[in-house]
Amino acid sequence: MKMRLRANFILATVVNLWMVHTVASLSNIGISHGRHANSRFLLDNGVSRTPPMGWNSWNHFWCGINESVVMSTADALVSTGLASLGYKYVNLDDCWAESETDENGKLRGKASTFPSGIKALADYVHARGLKLGIYADAGNRTCSNQMPGSLHHEYEDAKTFAEWGVDYIKYDNCYHDGTRNREVESSYYMEHFLQRNCIFLRGQEDPATWAGAYGHSWRTTGDINDTFASVTWIADLNNRWGRYAGPGRWNDPDMLEVGNGGMTMDEYRSHFSIWSLMKAPLLIGCDLRSVSNRTLRILGNKEVIEVNQDSLGVQGRKLRSKDGLEVWAGPLSDNRVVVVLWNRSELRALITAVWRDFGLPPNTPAIVRDLWKHKYVSMNKRDRLTASVAPHACKMYVLTPLQS
């Protein structure tokens with residue numbers, strides 16, 4: 001059985017370590033209550049105005065990663081056309097480093113799996129127009145207990161990542177000594193080292209209510225697994241925090257399982273549709289080197305991705321639910337509305353969304369486009385929209401209201 005240790009607070013960071021001297025110039029900033037305004041100021045930097053997109057190794061490979069896997073995945077992002085749709089991060093998760101630091105206390109890539117080193121890997125990824133992500137931990141050891149954490153070595157590790165050209169850091173918090181509270185934990189690493197970066201935090205204590213002072217995105221749920229039950233459970237948890245999301249501040253319900261084989265195609269389409277409507281980061285978690293065309297059609301649905309990346313940046317939410325038949329919706333730019341009719345029951349059923357569910361007057365005419373069939377359903381729909389939806393499947397539409 002796959003197991004992963006988790007601490008009560010887990011912190012992850014998406015970072016652009018674009019300038020090593022930034023680390024030194026920030027190193028004398030004191031940790032004080034007044035840093036909250038400063039950290040938010042640094043975060044309002046144009047980074048992550050839409051949810052991050054890319055690939056992460058953990059869901060499929062766990063600790064079984066190596067430089068060949070990562071390089072070929074970068075190539076696959078380009079060759080499949082996914083990179084051109086916005087999937088730009090190639091992220092290593094746990095287990096990439098040697099079990100101990102070198103004689104100078106520096107992290108180092110595991111020689112048996114990353115013989116060329118992480119700097120060479122970053123160069124390879126950058127040469128393809130992509131960005132490299134890496135995994136670190138705020139405790140003494142990472143969650144796998146197979147590599148060192150960054151506790152008391154935050155400065156050195158951030159500088160190392162900058163020297164390697166790392167663009168994204170997932171910052172976990174297993175094996176911590178428990179002496180630092182969440183404010184010191186996040187602000188020390190972030191404010192001192194990560195100016196002009198995208199910052200992603202994950203933890204308990206309702207991070208949506210406070211993490212916006214420190215990061216661009218935060219985990220709102222436990223870890224996902226490749227089952228429909230996990231997707232529905234996590235979607236409901238993330239739905240609670242919709243009002244806290246917006247451009248540069250995203251709720252994260254964990255990485256995508258699309259393509260890993262545990263669900264049906266209908267279930268994967270539902271998973272991808274709801275994550276996109278909720279403005280979740282879209283981090284692919286399957287093996288892109290052998291991905292099927294059916295999976296690529298889900299991950300590469302440009303119209304659904306456009307909902308996720310919409311400039312208005314408002315998280316869609318669940319509006320109605322009865323007997324597993326649900327209506328989810330959210331506003332988009334240009335006065336449009338995205339609507340998902342989701343059947344979580346075991347039987348095919350009719351699901352209806354009425355205009356008043358999302359604030360439209362009943363007589364308002366609207367153009368309705370089906371994002372999975374890629375065609376218009378109606379050019380003059382009024383009052384309500386009804387569809388027959390298969391078990392565990394969904395229908396996803398964009399409504400464009402017209403002048404009455």
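Only this structure's heavy atoms are used, side chains among them; waters, hydrogens and symmetry mates stay out. Along the sequence shown, residues are numbered consecutively beginning with 1.
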Do R141 and D137 meet the salt-bridge criterion of a basic N to acidic O distance under 4.0 Å? no

How would you list, by chain and number, every residue that makes a salt bridge (charged side-chain N to carboxylate O under 4.0 Å, His left out) with D226, sequence neighbours excluded? none

Cation-pi check for F358 against R356: NZ or CZ below 6.0 Å from the six-membered ring centre and within 45 degrees of the axis, yes or no? no

Using the ring of W241 (Phe, Tyr or Trp, six-membered ring only), decide whether R243 places NZ or CZ under 6.0 Å from its centre and within 45 degrees of its axis. no

Can you label the angle between the H392 ring and the F228 ring as parallel, tilted or perpendicular, going by 30° and 60°? parallel

Is D310 salt-bridged to K279, cutoff N-O under 4.0 Å? no

Between R344 and E267, does any side-chain N to carboxylate O distance fall below 4.0 Å? no

What I want to find out is whether E100 reaches R108 closely enough, with some N-O distance under 4.0 Å, to be called a salt bridge. no

Would you call D370 and K375 a salt bridge, taking side-chain N to carboxylate O under 4.0 Å as the test? no

Could you tell me whether the side chain of H152 and the main chain of N140 form a donor-acceptor pair under 3.5 Å? no

If you take the centroid of each ring, where Trp contributes its six-membered ring, are W164 and W96 closer together than 6.0 Å? yes

Report yes or no: is the cationic atom of R369 (NZ for Lys, CZ for Arg) closer than 6.0 Å to the six-membered ring centre of Y376, at no more than 45° off its axis? yes

